[in-house]
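In what follows, every chain begins at residue 1, and chains take the letters A, B, ... in the order their sequences are listed. The model shown is predicted, which means the values in this text are computed figures rather than measured ones.
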Amino acid sequence: MTKFSDLNLNPKVLKAINEAGYETPTPIQAEAIPPALEGRDVLGIAQTGTGKTASFTLPMITLLARGRARARMPRSLVLCPTRELAAQVAENFDTYAKHLKLTKALLIGGVSFKEQDVAIDRGVDVLIATPGRLLDHFERGKLILSDVKVMVVDEADRMLDMGFIPDIERIFGMTNPLTRQTLFFSATMAPEIERITNTFLSAPARIEVARQATTSETITQGVVMFKASRRDREASEKRKLLRTLIDKEGDKCTNAIIFCNRKMDVDVVAKSLKKYGYNASPIHGDLEQSHRMKTLDSFRDGSLRFLVASDVAARGLDVPNVSHVFNFDVPSHAEDYVHRIGRTGRAGRDGTAMMICVPKDEKNLADIERLVQNEIPRLENPLKTAKPAEVADGGEEKKYTGRTRRSSKSGETRSKTSDKVAAATDTQAATPETNVQAPAAAADTQTKSKTDSRQNKSDDRRANSNDNRGKSGDNRSSSRSNNRSRGGRDNGKTVVGLGDHLPSFIALSFEERRAG
DNA sequence: AAAAAAC
């Protein structure tokens, strides 16, 4: 088998690789490093988790080991779609270039220009950037890219999704095609990506690595088909279902990423989990950059157990050892499902991916199953399994004290009235195992059973008016979706209740469902 | 329909 020592890497790079504990390259590293060292263009079709980052940093460091950068004229450039990814690539350079005197600069938004300006002025060997901030520097005349010897485009398909392709083309145009070597990575080869590579790569070595996440055997997948007892309770009942799924996994769930489709839901879910005693923090693009970094660091070092995330964290982030991925929402782009669950089951380890699918997401679920060419196993809804006797004496979800009422903007208030489902879910939350997992939830449950429903209703109104004041857009959008579903395809086949009635689609085979 | 990325 190929070893790193067989690859003609700079001895000081090899030393750093050994110190990091690696001996054997991953397939993409073994295949991409030799042509890259020969100065050839490389087209790598691979996802993160395959060792992609090192497959370009290692040869780059080796190539850059000789020579020295001139002021404002970086010798190499790595473009990444998100700030986190760029920061991660920068760390990778630090790790493997530690025995060499290479200078680097990280050009990302959300942080001050000053430090970046100083570094550029001094001259850098490696520039790692997101497109927006790079162009910003360029337009201010701070940057000359004509001396770039190696240019890397990482996660090109994500750049495409994010509308960065025109920027990328502009940046390509700022470099010298005759002296530039290009290493280009993408998880998929969409037609637009194909076009870019045909335009900017010359006779590339094409390296394709199996798409590990498509239906990785190391990931146990499942989806819970869930219909709320009432439309307006969907959000809070989903959160309860999420807690139950987490609790059922027990110690097997050492850490997890919980994906939501919208930033607002990321905040709400994180806040709700915290309220119930779970160690959770949100991450999405509206949070301050320094805060994003801090959150990610604590998730990596294990002090944070649950990362509630938008798709900012779906791709590229290297967070080893994630035991679980929970898709609180079904992603609306099927491709994103593959990226999200690819955060677990990495490097041959076992992982679990669970998703909650509400009726309006069934079409997206079908798209995902078509993409991965597999039916995602249906999981029993754990909230439906409570025995009737327990249901009868279950408490209500709420019972807000004055203190918690203030936090009711998180949306928990909407699920307060008593009905079979709310009672059943509370009973579930009060089981002993759950108490161990979520002490705050347990305390809440014990005090809540005496709450009378009139009190609840008035709380509800108050909380809703708070919501209106705080974020009016929120309510508008939820009433929009209500209307849509009322006039929509739910007609005639609305599932009644949750306890005894099987949603009709579950009885259908996958083929029948697609056909009908 | 939303998220990400530039001030």
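The distance between atom CG of A:Asn364 and atom C1' of B:dA1, rounded to the nearest whole Å, is 10 Å. As a whole-Å value, the separation of A:Asp117 CG from B:dA6 P is 15 Å. Per the geometry, CZ belonging to A:Phe113 stands 9 Å off P belonging to B:dA6, to the nearest Å. Whole-Å rounding puts the A:Lys363 NZ to B:dA1 P distance at 13 Å. In this structure, A:Met162 places its CE atom 5 Å from C1' of B:dA5, rounding to the nearest Å. To the nearest angstrom, P of B:dA3 lies 9 Å from CE of A:Met264. Rounded to whole Å, atom P of B:dA3 lies 18 Å from atom NE2 of A:His339. Distance, A:Asp286 CG to B:dA3 P: 8 Å, rounded to whole Å.
Side-chain proximity of A:Arg262 to B:dA1, B:dA3, B:dA6: nearest is B:dA3. Nearest nucleotide to the side chain of A:Arg158, out of B:dA5, B:dA6, B:dA4: B:dA4. In this structure, the nucleotide among B:dA1, B:dA5, B:dA3 sitting nearest to the side chain of A:Arg292 is B:dA5. In the set B:dA6, B:dA4, B:dA1, the nucleotide with an atom closest to the side chain of A:Thr82 is B:dA4. With B:dA2, B:dA6, B:dA3 as the candidates, the nucleotide lying closest to the side chain of A:Lys263 is B:dA3.
A:Phe328 meets the ring-ring contact (aromatic ring centres under 6.0 Å, His included) test with no other residue; sequence neighbours excluded.
The phosphate of B:dA6 (OP1 or OP2) has no side-chain N or O of A:Arg140 nearer than 4.0 angstrom.
In this structure, A:Gly163 reaches neither bases nor backbone, as no heavy-atom distance under 4.0 Å exists between it and the strands shown. Note on A:His284: only backbone sugar-phosphate atoms sit closer than 4.0 angstrom, heavy atoms only; bases stay farther off.
Counting distance only, with no hydrogens placed and no angle test, the side-chain atoms of A:Ser310 and the base atoms of B:dA3 include no donor-acceptor pair under 3.5 Å.
Using cut-offs of 30° and 60° on the angle between ring planes, the pair A:Phe306 and A:Tyr278 is perpendicular.
Applying the salt bridge (charged side-chain N to carboxylate O under 4.0 Å, His left out) rule to pairs touching residues 282-296 of chain A yields A:Glu84-A:Arg292, A:Lys263-A:Asp286, sequence neighbours excluded.
Atom CZ of A:Phe172 sits in a crowded spot, with more than 12 heavy atoms from other residues, nucleotides or ligands closer than 6.0 Å. Within a 6.0 Å sphere centred on CZ of A:Arg195, heavy atoms belonging to other residues, nucleotides or ligands number more than 12.
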